[in-house]
Amino acid sequence: MKAALWQNVRNIQVQDIPVPQVQAGQVKIKVAYCGICGSDLHEYLAGPIFIPVDQPHPISKDKAPVVMGHEFAGEVVEVGEGVTNVKPGDRVCIEPIYHCGECASCKRGHYNVCEKLGFVGLSGGYGGFAEYSVVPASMIHRIPDHMTWEQAALVEPAAVAVHAVRESDLRIGGTVAVFGTGPIGLLVIQAARAAGASQIIAVEVSPERQEFARKVGADVIVNPKECDTVETIRSHTGGLGVDVAYEVAGIEQTINAAILSTRSEGNIVNISIWEKPASIPLNGLILTERKMTSIIAYRNIFPQVIQLIANGQIQALELVTKKIAIDDIVTEGFEALTKNKSQIKILVNPQP
């Protein structure tokens, strides 16, 4: 089968590899669509970050080159011995977190902060940029019949946004700023609206992405190149600043502006994966008792996110700007996302 493998920085290759075989406790999926994630782009431009290179990942037992792709959905075609939660023919999406089940975090049910955390398609295994994937049955979530494959492939990134909002201090009627309106930022806007935000301010320099932010529900657009971001946000919130700021850009200036744009005792939520260290104004937290929250991925929310998308409360399809074949994944996928800010979410169809 064809699969896209990460070899090194700016080196992803589509190759023919053996179709994976199902073992006990595993499920084989014919992949319908897999999205290119911001984390994938980080690995392409500046990796390895999650991808194991020198030592195999402790759970997947794999190291580079790895089959990429972790935002995917498809049809179950085979199940291994002992699998009872799904059957061939079921339509499913995948929650791609590797976790040990034994550390203190896993025992609390907080498997997204497992000591051995990993992701199918980043830390090894058979990711979704392939005709077929095999994953543990515990990663499988069935989807409603009326949900499209495209919607199902967007459950994983939407879960990141929903988890970020649920872990924040946002309350009904609260005010929000979202710094960066790539795919996750746009989903955060929708998740914050669903959670009851009364005013959502989007901070974005790209004109194309500003339009996407308006389309999915931002009330105010702030362009940092044209005004003082902090002062502008304060002017829209009675001089106080927002209740919650979500940082989804991964830029030092942006996290600093996010801190200073929240009210005293407000909450800054970092969602970004950082390619390099950032210096932040700690006194901007200490002297105002602002709280900094960080999130990674999601936990225990996939069924709810599936319903939010299937019921139309999160309009995930608004993010899809292109669907491509796996042979075009580098030129029309990764390179397009690098060079063209009008591209938001690109879905890959790995089937021949």
Side-chain angles (χ1 to χ4, degrees), residues 1-20 28-51 62 64-75 77 91 93-94 96 119-135 148-158 181-184 186-187 206 208-209 211-212 273 275 316-352:
M1 68 174 185
K2 285 186 177 181
L5 286 80
W6 186 95
Q7 306 282 342
N8 211 321
V9 175
R10 287 190 179 270
N11 185 0
I12 292 173
Q13 298 178 16
V14 177
Q15 300 177 349
D16 285 317
I17 65 171
V19 175
K28 184 177 181 179
I29 299 139
K30 182 180 181 181
V31 179
Y33 280 109
C34 183
I36 300 177
C37 176
S39 298
D40 297 327
L41 199 59
H42 283 306
E43 297 288 359
Y44 178 67
L45 295 173
I49 299 170
F50 286 106
I51 293 175
D62 290 338
V66 300
V67 179
M68 294 193 77
H70 60 278
E71 302 178 351
F72 64 107
E75 179 184 345
V77 294
R91 304 170 73 248
C93 64
I94 287 74
F119 298 87
V120 171
L122 288 172
S123 310
Y126 288 92
F129 294 145
E131 294 177 42
Y132 293 92
S133 171
V134 167
V135 298
T148 68
W149 290 126
E150 292 91 339
Q151 287 176 312
L154 290 162
V155 170
E156 196 275 348
T181 59
I184 300 298
L186 294 170
L187 289 164
S206 162
E208 296 91 347
R209 295 191 171 189
E211 287 304 311
F212 274 99
I273 299 296
E275 293 181 359
L317 288 182
E318 296 286 359
L319 279 62
V320 178
T321 47
K322 187 162 59 170
K323 293 183 279 189
I324 63 174
I326 194 168
D327 285 329
D328 300 322
I329 193 170
V330 175
T331 56
E332 296 297 320
F334 284 89
E335 284 296 321
L337 288 167
T338 300
K339 297 171 182 176
N340 188 351
K341 291 297 183 182
S342 67
Q343 292 297 332
I344 301 295
K345 179 58 66 177
I346 296 176
L347 298 182
V348 178
N349 177 358
Q351 297 305 318

Please round to the nearest 0.5 Å and tell me the distance separating atom [atom1] of [X] and atom [atom2] of [Y].
| X | Y | atom1 | atom2 | answer |
| --- | --- | --- | --- | --- |
| Leu41 | Leu337 | CG | CG | 6.0 Å |
| Ile329 | Ile36 | CD1 | CD1 | 5.0 Å |
| Cys34 | Trp149 | SG | CH2 | 13.5 Å |
| Cys37 | Ile273 | SG | CD1 | 9.0 Å |
| Lys345 | Lys323 | NZ | NZ | 14.5 Å |
| Ile94 | His70 | CD1 | NE2 | 12.5 Å |

For [X] and [Y], which heavy atoms make the closest approach, and how far apart are they?
| X | Y | answer |
| --- | --- | --- |
| Leu154 | Leu317 | CD1-N, 4.2 Å |
| Ile326 | Val14 | O-CG2, 3.4 Å |
| Leu347 | Ala153 | CD2-CB, 4.3 Å |
| Ala32 | Pro350 | O-CD, 3.8 Å |
| Ala3 | Ala130 | CB-CB, 3.7 Å |
| Gly127 | Ser133 | O-CB, 4.0 Å |

Any heavy-atom pair between the side chains of [Y] and [X] that's under 4.5 Å?
| X | Y | answer |
| --- | --- | --- |
| Pro352 | Met1 | no |
| Ile17 | Tyr126 | yes |
| Ile49 | Leu122 | no |

Whether the side chain of [X] engages the backbone of [Y] through a donor-acceptor N/O pair (distance < 3.5 Å, no angle test) should be reported.
| X | Y | value |
| --- | --- | --- |
| Thr321 | Ile344 | yes |
| Lys322 | Glu332 | yes |
| Gln351 | Val31 | yes |

Mind listing the side-chain donor-acceptor pairs of residues 4-11 below 3.5 Å, one per line with the distance, residues two or more places apart or on another chain?
{"unit_1": "Trp6", "atom_1": "NE1", "unit_2": "Glu43", "atom_2": "O", "d": "3.0"}
{"unit_1": "Arg10", "atom_1": "NH1", "unit_2": "Glu335", "atom_2": "OE2", "d": "2.8"}
{"unit_1": "Asn11", "atom_1": "OD1", "unit_2": "Gln13", "atom_2": "NE2", "d": "3.1"}

Partners meeting side chain to side chain donor-acceptor pair (under 3.5 Å) with Asp327 (sequence neighbours left out) |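 If we apply the side chain to side chain donor-acceptor pair (under 3.5 Å) test to Asp327, skipping adjacent residues, the hits are Lys2.
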Looking at residues at least two apart in the chain, or sitting in another chain, which of them share a side chain to side chain donor-acceptor pair (under 3.5 Å) with Ser342?
-> Asn340
Parallel, tilted or perpendicular: which describes the rings of Phe334 and Phe129, with under 30° parallel and over 60° perpendicular?
-> perpendicular
Do the ring planes of Phe119 and Phe50 sit parallel (below 30°), tilted (30 to 60°) or perpendicular (above 60°)?
-> perpendicular
